[in-house]
K.L.:
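Let me give you the structure first, and then I'll get to my questions.
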Amino acid sequence: MKLFLALSLLLVAANVEGYSGLPHPLALASSFSQIYHQLDKIDLGNCSLANVFLSLNATNPPLPAPSTNLKLKYVALGRGTQNYTCPSDALSDSKTTIKPQAVGAAATLFDASCIISSSPALLHEVPAIISSTTLGSLTFMAALVAQGTRSNNLIIGEHYFDTDGEPVFDMALSGSDSWIATSKIASTPAPKSTSGSSGNVPWLKLGYKKGNGIQEVYRVVTSQGEPPSTCAGQNATIQVDYAAEYWFYG
């Protein structure tokens, strides 16, 4: 099953790089070897987070640290869309400077506990890969991986905005009654990636408004999600694919 996951990651990586086929055979062999050996010692789900710590040194300024009385409860990969709207009178104006307005987000949360506890560097590479992969493909892959291992379902929760416009994270899909509706505590621009790409939504620290079992949420290592610079030539509603790591404390 680790062989299946490594091949899946390679196919996704080839797609992200914009190739019509697989990378050069030598590059493919090298990438396969690196991914396979990293996965070889990693269980894929439901691992202890007792020795895992969130590093906040990548941004300037850094986000505030988690509250000292809290423990890390979940680390998840989120894949979904950041959602925006444009006023109808701006859509046909090629010179408009009106910017799309954020109206929320929706994402599926995949368990990343075993990857982060075994290889943080590997986890930090994944958002850039899955942000350009269809959610249906990821969901199907997660179901197959979970079925072929001793882990539970790797899909552990969902992220959405409620009718009050509050970001909500619900872990019911993992069998837990933990959930939280949040408000923003702090935001910082995403660091530039090593490839120099931009368009990644900011890193966030979110705090408790209501819920159960979770008190603080971090959105870090973001990939994509930023809207077009103006509404010119856009639709009234805009969905921009994104991925990120989510860290939950309670």
Side-chain angles (χ1 to χ4, degrees), residues 42-54 56 63 65-67 69-83 104-118 120 123-124 126-127 130-131 133 135-147 149-186 201 203-223 225 241-250:
I42 300 176
D43 293 325
L44 293 178
N46 320 118
C47 288
S48 171
L49 297 171
N51 297 314
V52 174
F53 301 95
L54 175 61
L56 297 171
L63 294 171
S67 299
N69 61 321
L70 301 181
K71 293 183 178 180
L72 182 61
K73 299 193 67 173
Y74 304 95
V75 177
L77 285 162
R79 171 64 177 89
T81 60
Q82 294 287 321
N83 303 323
T108 299
L109 302 176
F110 298 85
D111 181 23
S113 60
C114 291
I115 300 179
I116 191 62
S117 62
S118 301
L123 177 65
H124 300 336
V126 176
I130 67 173
S131 62
T133 305
L135 184 56
S137 297
L138 288 172
T139 302
F140 177 68
M141 187 174 76
L144 286 180
V145 169
Q147 192 174 49
T149 67
R150 294 180 179 180
S151 64
N152 293 331
N153 193 341
L154 297 182
I155 300 174
I156 59 172
E158 55 185 340
H159 167 43
Y160 59 90
F161 277 57
D162 64 17
T163 56
D164 295 323
E166 299 169 338
V168 174
F169 300 86
D170 189 344
M171 297 304 187
L173 293 177
S174 69
S176 170
D177 59 359
S178 294
W179 68 279
I180 183 174
T182 63
S183 60
K184 185 168 66 176
I185 293 176
V201 289
W203 294 21
L204 302 175
K205 179 179 182 179
L206 305 170
Y208 177 92
K209 289 192 75 173
K210 56 188 175 184
N212 180 62
I214 302 171
Q215 294 290 319
E216 294 176 355
V217 182
Y218 285 82
R219 182 181 77 187
V220 298
V221 194
T222 55
S223 179
D241 290 330
Y242 90 105
E245 294 177 20
Y246 285 97
W247 294 58
F248 299 88
Y249 291 81

K.L.:
Under the criterion side-chain contact (heavy atoms from CB on, under 4.5 Å), which of Ile214, Val168, Leu206, Asp170 is the partner of Ile180?
P.N.:
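Only match with Ile180 under side-chain contact (heavy atoms from CB on, under 4.5 Å): Ile214.
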
K.L.:
Roughly how far, to the nearest 0.5 Å, is OG of Ser113 from NZ of Lys73?
P.N.:
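Those atoms lie 14.0 Å apart.
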
K.L.:
Can you find a pair of side-chain heavy atoms, one from Leu56 and one from Lys205, that are under 4.5 Å apart?
P.N.:
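Answer no - side chains too far apart.
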
K.L.:
Is there a side-chain contact between Val217 and Tyr208 (heavy atoms, below 4.5 Å)?
P.N.:
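No; the side chains remain at least 4.5 Å from each other.
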
K.L.:
Test Ile116 against every option in Leu77, Leu54, Val52 by the side-chain contact (heavy atoms from CB on, under 4.5 Å) rule and name the one that passes.
P.N.:
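Passing option: Val52.
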
K.L.:
State the CD1-CG distance between Ile155 and Asp111, to the nearest 0.5 angstrom.
P.N.:
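Between atom CD1 of Ile155 and atom CG of Asp111 there are 11.0 Å.
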
K.L.:
For Glu216 and Ser67, which I'm curious about, is there any donor-acceptor pair between the side chains at under 3.5 Å?
P.N.:
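Checked: Glu216/Ser67 side chains pair up, N/O donor to acceptor below 3.5 Å.
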
K.L.:
Specify the closest pair of heavy atoms between Leu123 and Ala112, including all atoms of both residues, with the distance to one decimal.
P.N.:
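Nearest heavy atoms, Leu123 then Ala112: CD1-CB, 3.7 Å.
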
K.L.:
Could you state the interatomic distance from CG (Leu72) to OG (Ser48), rounded to the nearest 0.5 Å?
P.N.:
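Here the rounded value is 9.5 Å.
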
K.L.:
To the nearest 0.5 Å, tell me how far His159 NE2 sits from Met171 CE.
P.N.:
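Answer for the NE2-CE pair, His159 versus Met171, is 11.0 Å.
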
K.L.:
Mind listing the closest non-hydrogen atom pair of Ala76 and Ile156 along with its distance?
P.N.:
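Heavy atoms only, the tightest pair is CB-CD1, 4.2 Å.
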
K.L.:
Which atom names give the shortest non-hydrogen contact between His124 and Val221, and what distance separates them?
P.N.:
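Closest heavy-atom pair between His124 and Val221: O-CG1, 3.4 Å.
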
K.L.:
Rounded to the nearest 0.5 Å, what's the gap from OH on Tyr160 to CZ on Phe169? Could you check?
P.N.:
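Atom-to-atom, Tyr160:OH and Phe169:CZ are 10.5 Å apart.
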
K.L.:
Using every non-hydrogen atom in the two residues, find where Cys47 and Ser117 come nearest and quote the distance to one decimal.
P.N.:
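What the structure gives for the nearest pair is CB-OG, 3.8 Å.
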
K.L.:
Under a 4.5 Å cut-off applied to non-hydrogen side-chain atoms, are Leu109 and Tyr74 in contact?
P.N.:
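With C-beta onward as the side chain, the pair stays apart.
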
K.L.:
Restricting to non-hydrogen atoms, name the atom on Gly225 and the atom on Gln82 that form the minimum distance, rounded to 0.1 Å.
P.N.:
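Closest pair (atom of Gly225, atom of Gln82, distance): O-CB, 3.4 Å.
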
K.L.:
Can you confirm whether Lys210 sits close enough to Asp164 that some side-chain heavy atom of one is under 4.5 Å from a side-chain heavy atom of the other?
P.N.:
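With C-beta onward as the side chain, the pair touches.
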
K.L.:
When the ring planes of Tyr242 and Tyr246 are compared, do they come out parallel, tilted or perpendicular, using 30° and 60° as the limits?
P.N.:
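Because their plane-to-plane angle is over 60°, the rings of Tyr242 and Tyr246 count as perpendicular.
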
K.L.:
Side chains of Phe161 and Asn83: closer than 4.5 Å at any heavy-atom pair?
P.N.:
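No - every pair of side-chain heavy atoms lies 4.5 Å or more apart.
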
K.L.:
Is a donor on one side and an acceptor on the other found under 3.5 Å between the side chain of Asp177 and the backbone of Asn212?
P.N.:
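Side chain of Asp177 to backbone of Asn212, a donor-acceptor pair under 3.5 Å: no, none is there.
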
K.L.:
So which of Leu63, Val201, Thr182 actually passes side-chain contact (heavy atoms from CB on, under 4.5 Å) with Arg219?
P.N.:
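Result for side-chain contact (heavy atoms from CB on, under 4.5 Å) with Arg219: Val201.
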
K.L.:
Roughly how far, to the nearest 0.5 Å, is CG of Leu173 from CG of Leu154?
P.N.:
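Leu154 atom CG to Leu173 atom CG measures 12.5 Å (nearest 0.5 Å).
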
